> 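Structure below; questions to follow.
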Amino acid sequence: PLDLALEWAYQLPAEGGVLPLSGGARLSGDLLWDEQLGFALDYRVVARGLEQLNTELPPRVEARGQLQGAQGPDALEIERASAAFEEFPAQLAITARLQGQNDPDPRLQLQADWQRVYWPPMSEQPLAGSEAGRLSLEGQPDDYQWQLEASIAGESMPAGQWHLAGPGDTLGLRVERGVGQVLEGQVGILGDLTWEPEPRWDLAVTGERLNTALLPDTPSGHLDLAMHTQGTLPEGEAPQATVTLEQLSGTLLDYPLALRGKAQLAGDTIQLQALSAMSGANEVQASGAVSPESLDLAWEVRAADPGLFLPGAAGLLLGSGRLAGPVDAPRVEAELAGADLVLQDTLLQELQISLQAGLDPDAPLQLTVNARAQAQDQHDADLGLSLIGSNASHTLQLHAKRGAQQVQAELAGGVSKQLDAWHGELLDLDLRDPLLGQWRLRQPTTLAASAEAASLGRACLARQDQSGSACTRLEWQGSGS
C-alpha cells in the first residue's frame, strides 16, 4: 500500500519579478512488485496561482483521477490514466503501451478520450472546444499513424463532427483523410502540418452544400468551397500565410454567386491580390491592403444584368474607385457610368456619377451627378447636381429639367460631427412650369434634416412672370422622436 502527500511552492521567474505558485498532491493505492512493477493508484493534485499565468484560468485548479498499469523490463503499459477537474467539466482518459522502450525506436500505442474540453475552461461562451473526442496513435516516433474523431466548435468555427487521419513523424503529420460534417454539409481537408523547424501548414480545403443560414449574421444560402492555404509561424516574427480561394459558388439569398480570389497575410496586414465576385453577368473586383489601422482597396464593378437584383431593370452600369485611409474614418473615391439603363417606365440614357467623400468631419466632399432620361410619355429629362466643399461646410447646386419644367436650387451647410444631421440654408430656388408660372425664392432661409426630424424656415417664393407670392414653413418629427 502507498499513501503519499506533499506540498510545494515555486517562484516562477517572470518579467518584472516572480510569480508565486503553490499546491499539493496526494497519491494513494497499491504497488505490486513482481517480474514487473504494477500500480493501481488514486491521485489528487491542487495548483494555486495559475491566474497569474493566464487570466482565463481560475486561481485554484484541482484534478482527481486514477493511474493503473505496469512497468516491465522493456515495456510500459498504462491501462488507465484519468483526470477530472473540480472547477470545470473537462474529463480525460488515456490508455497507452510503450514497447521496446530501451530500443532506439520504441513502438507506442496510445488512445486519448476526452469530454467537455473548452477554452476558456470556465466561460459560458468559450472561444473553442470539443464536447467529446478521441485521438489514437500507433507506431514509432519517426513513422506512426494517427486518427482523430471529435466534435469541434468555436466562436469563429461552426460546430461539426470531424474525422481526420494520416501518417506522422517527429517533424509533423499529414492529413490524408479529413472529413467534417459541418453546416448540414461536408468539408474535406488534405495536406501537411509540421512543427519543426517551425510551425507550418499546407492544406487544401473543400466544402459541399454548406448552409450559410447556420452562421451568425450571414444571409441564407448554400455554397460549395475549394481553397488552398499555406503559411508559417516563424519564431519571433509575424505570421505569414497565403489563401487561394479557387471557388466559392452557389446561391446566397437566392442569387447566384461565384467568388474567387487570393490573399496574403503578413502579420496583421492582409494583402488582397485579386478578388472577383460574380452573380450572373454582374461582377465586382477588388484588390489592395487591409490592416487593423488602415484600408487601401481598389474596386471595379460591371453590372450587365441589373435586372437580376432589381426586377424590370436592364442596361449596363460600370464603376471603379478606391477605399483608403484609417479604418475609423476611411475616404472613398468612386466613378460610375451607366448607359441605356431601364427602370420601370424610365429609360436612363446616360448616367455619370463622381464622388469623393470621407467620414472625418473636415474630410473633403465632392459629388457630381449628370443624368439624361426619357419617361414613357417620351419627355426627355436632364438632371445635374454638384456638391463641393467638406463634410462640415459645402455648397450644393441642383438643376433638373423635364420638357418645359425646370428646377434650380442652391444650398449651403454642413453635416454634424456625428454625421447624423445636416444644417444649413436654402440660398436660392427657381421653379418654372408652363401652368404654374415662374417662381423664385425671395431670400435665403434655414434648412435642417436628419433621420428623426426636418425643418424649413419661412420660405417665400415670388412669381417672376406676373404678380404673386407664396410662403411656407415646415416642421417634421419622426414617429420615434
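All of these numbers come straight from a predicted model, not from anything done at the bench.
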> Evaluate the side-chain contact (heavy atoms from CB on, under 4.5 Å) criterion for residues Leu429 and Trp439: first the C-alpha distance (whole Å), next the side-chain angles of each, then the deciding distance (0.1 Å), finally the verdict.
CA-CA 8 Å; Leu429 179 62; Trp439 299 80; over 6 Å; no
> Considering non-hydrogen atoms only, spot the tightest contact between Trp195 and Asp169 and give its length.
CZ2-O, 3.8 Å
> Side chain of Glu87, backbone of Glu62: donor and acceptor closer than 3.5 Å?
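Side chain of Glu87 to backbone of Glu62: a pair is present.
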> Taking atom types as modelled, is there a side-chain donor on Ser320 or Glu335 under 3.5 Å from an acceptor on the other?
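No, no side-chain donor-acceptor pair sits under 3.5 Å.
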> Could you go through the side-chain contact (heavy atoms from CB on, under 4.5 Å) check for Leu19 and Leu53 one step at a time?
CA-CA 8 Å; Leu19 302 179; Leu53 304 177; 3.8 Å; yes
> Do you know the tightest heavy-atom contact between Leu190 and Arg177?
CD2-N, 4.1 Å
> Does atom CD (Gln466) have a neighbourhood of more than 12 heavy atoms from anything else shown, all under 6.0 Å?
yes
> Tell me if a side-chain donor or acceptor on Glu237 pairs with a main-chain N or O of Pro234 at a distance below 3.5 Å.
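Not at all, since once roles are kept as given, no pair shorter than 3.5 Å links the two residues.
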> Give the minimum heavy-atom separation between Leu426 and Leu411, together with the two atoms involved.
CD1-CG, 4.0 Å
> Counting heavy atoms not belonging to Glu155, are there more than 12 under 6.0 Å from its CD?
no
> Output yes when a side-chain donor or acceptor of Thr251 lies under 3.5 Å from a complementary backbone atom of Tyr255, and no otherwise.
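The answer is no, because no donor-acceptor pair under 3.5 Å joins these two groups.
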> Just wondering, more than 12 heavy atoms not from Arg302 lying within 6.0 Å of its CZ?
no
> Between Ser279 (side chain only) and Pro256 (backbone N and O only), is there a donor and an acceptor less than 3.5 Å apart?
yes
> Please round to the nearest 0.5 Å and tell me the distance separating atom OG of Ser130 and atom CZ of Arg116.
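Ser130 OG to Arg116 CZ: 11.0 Å, rounded to 0.5 Å.
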> Asn211 side chain to Glu184 main-chain N or O, any donor-acceptor pair under 3.5 Å?
no
> For the CG atom on Asp420, are there more than 12 heavy atoms of other groups (residues, nucleotides or ligands in this structure) within a distance under 6.0 Å?
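Yes - once you tally the heavy atoms of other residues, nucleotides and ligands closer than 6.0 Å, there are more than 12.
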> Would you kindly say whether His399 and Asp382 are connected by a side-chain donor-acceptor distance under 3.5 Å?
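No, Asp382 and His399 have no side-chain donor paired with an acceptor closer than 3.5 Å.
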> Quick check: does any side chain N or O of Arg134 sit under 3.5 Å from a backbone N or O of Asp113, one acting as donor and the other as acceptor?
no
> Please report the interatomic distance CG(Leu50) to OG1(Thr55), rounded to the nearest 0.5 Å.
12.5 Å
> Test Trp201 against every option in Asp192, Thr229, Thr194 by the side chain to side chain donor-acceptor pair (under 3.5 Å) rule and name the one that passes.
Thr229
> With distance as the sole criterion, is a donor-acceptor pair present between the side chains of Arg440 and Gln464 under 3.5 Å?
no
> Looking only at atom types and distance, does a side-chain atom of Ser151 sit under 3.5 Å from a main-chain N or O of Ala132, one as donor and one as acceptor?
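Yes, the answer is positive, given that a donor and an acceptor are paired below the 3.5 Å cut-off.
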> Surrounding CZ of Arg458 (heavy atoms of other residues, nucleotides or ligands, distance under 6.0 Å), is the total greater than 12?
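No, the 6.0 Å shell around CZ holds no more than 12 heavy atoms from other groups.
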> side-chain contact (heavy atoms from CB on, under 4.5 Å), that's the test. Do Asp202 and His228 meet it? Break it down for me.
CA-CA 8 Å; Asp202 188 346; His228 179 256; 2.6 Å; yes
> For a quick check under 3.5 Å, do Gln352 and Asn370 share a side-chain donor-acceptor pair by atom type?
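No - no donor-acceptor pair under 3.5 Å links their side chains.
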> Between Trp114 and Leu92, what is the shortest heavy-atom contact and its length?
CB-CD2, 3.6 Å
> Any chance the side chains of Asp430 and Gln408 put a donor and an acceptor closer than 3.5 Å?
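On atom types as modelled, these side chains do not qualify, holding no pair under 3.5 Å.
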> Would you give the length of the straight line joining atom CD of Glu149 to atom CD of Gln161, rounded to the nearest 0.5 angstrom?
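That separation rounds to 7.5 Å.
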> Report the C-alpha distance between Asp465 and Gln438 in whole Å, list the side-chain angles of each, state the deciding distance to 0.1 Å, and finish with yes or no for side chain to side chain donor-acceptor pair (under 3.5 Å).
CA-CA 6 Å; Asp465 53 348; Gln438 301 178 16; 5.3 Å; no
> Is there a side-chain contact (heavy atoms from CB on, under 4.5 Å) between Leu419 and Asn391 once you walk through the steps?
CA-CA 8 Å; Leu419 303 181; Asn391 285 336; 4.2 Å; yes
> Please check this pair: side chain of Gln52 against backbone of Pro20, looking for a donor-acceptor N/O pair closer than 3.5 Å.
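At least one qualifying donor-acceptor pair exists.
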> Restricting to non-hydrogen atoms, name the atom on Trp162 and the atom on Met157 that form the minimum distance, rounded to 0.1 Å.
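Nearest heavy atoms, Trp162 then Met157: NE1-CE, 3.7 Å.
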> Can you see which heavy atom on Met122 is nearest to which on Phe88, and at what distance?
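Where Met122 meets Phe88 most closely, the heavy atoms are CG-CD2, 4.1 Å.
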> Is it the case that Gln264 and Gln273 place a side-chain donor and acceptor less than 3.5 Å from each other?
yes
> Glu86 vs Arg60, test: salt bridge (Lys or Arg N to Asp or Glu O under 4.0 Å). Steps then yes/no.
CA-CA 9 Å; Glu86 181 175 306; Arg60 177 185 182 277; 3.7 Å; yes
> Taking atom types as modelled, find out whether Glu283 and Gln285 have a side-chain donor-acceptor pair closer than 3.5 angstrom.
yes
> Please report the interatomic distance CG(Leu398) to CD(Glu410), rounded to the nearest 0.5 Å.
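Leu398 CG to Glu410 CD: 11.0 Å, rounded to 0.5 Å.
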> Are Arg331 and Asp360 close enough, and set up right, to give a salt bridge (Lys or Arg N to Asp or Glu O under 4.0 Å), and what steps lead you there?
CA-CA 8 Å; Arg331 301 180 305 277; Asp360 189 87; over 6 Å; no
> Testing the 3.5 Å rule here: is there a donor-acceptor pair between the side chains of Gln405 and Asp433?
yes
> More than 12 foreign heavy atoms under 6.0 Å from CD of Glu293: is that the case here?
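Buried by this count: over 12 neighbours within 6.0 Å.
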> Give me the one residue out of Asp224, Leu248, Val187 that meets side-chain contact (heavy atoms from CB on, under 4.5 Å) with Leu210.
Val187
> With no hydrogens and no angle check, is any side-chain donor or acceptor of Ser291 less than 3.5 Å from a backbone partner on Ser294?
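Yes: the side chain of Ser291 pairs with the backbone of Ser294.
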> Looking at Pro216, is its backbone amide N or carbonyl O close enough to the side chain of Thr218 to form a donor-acceptor pair, meaning the two atoms are under 3.5 Å apart?
yes
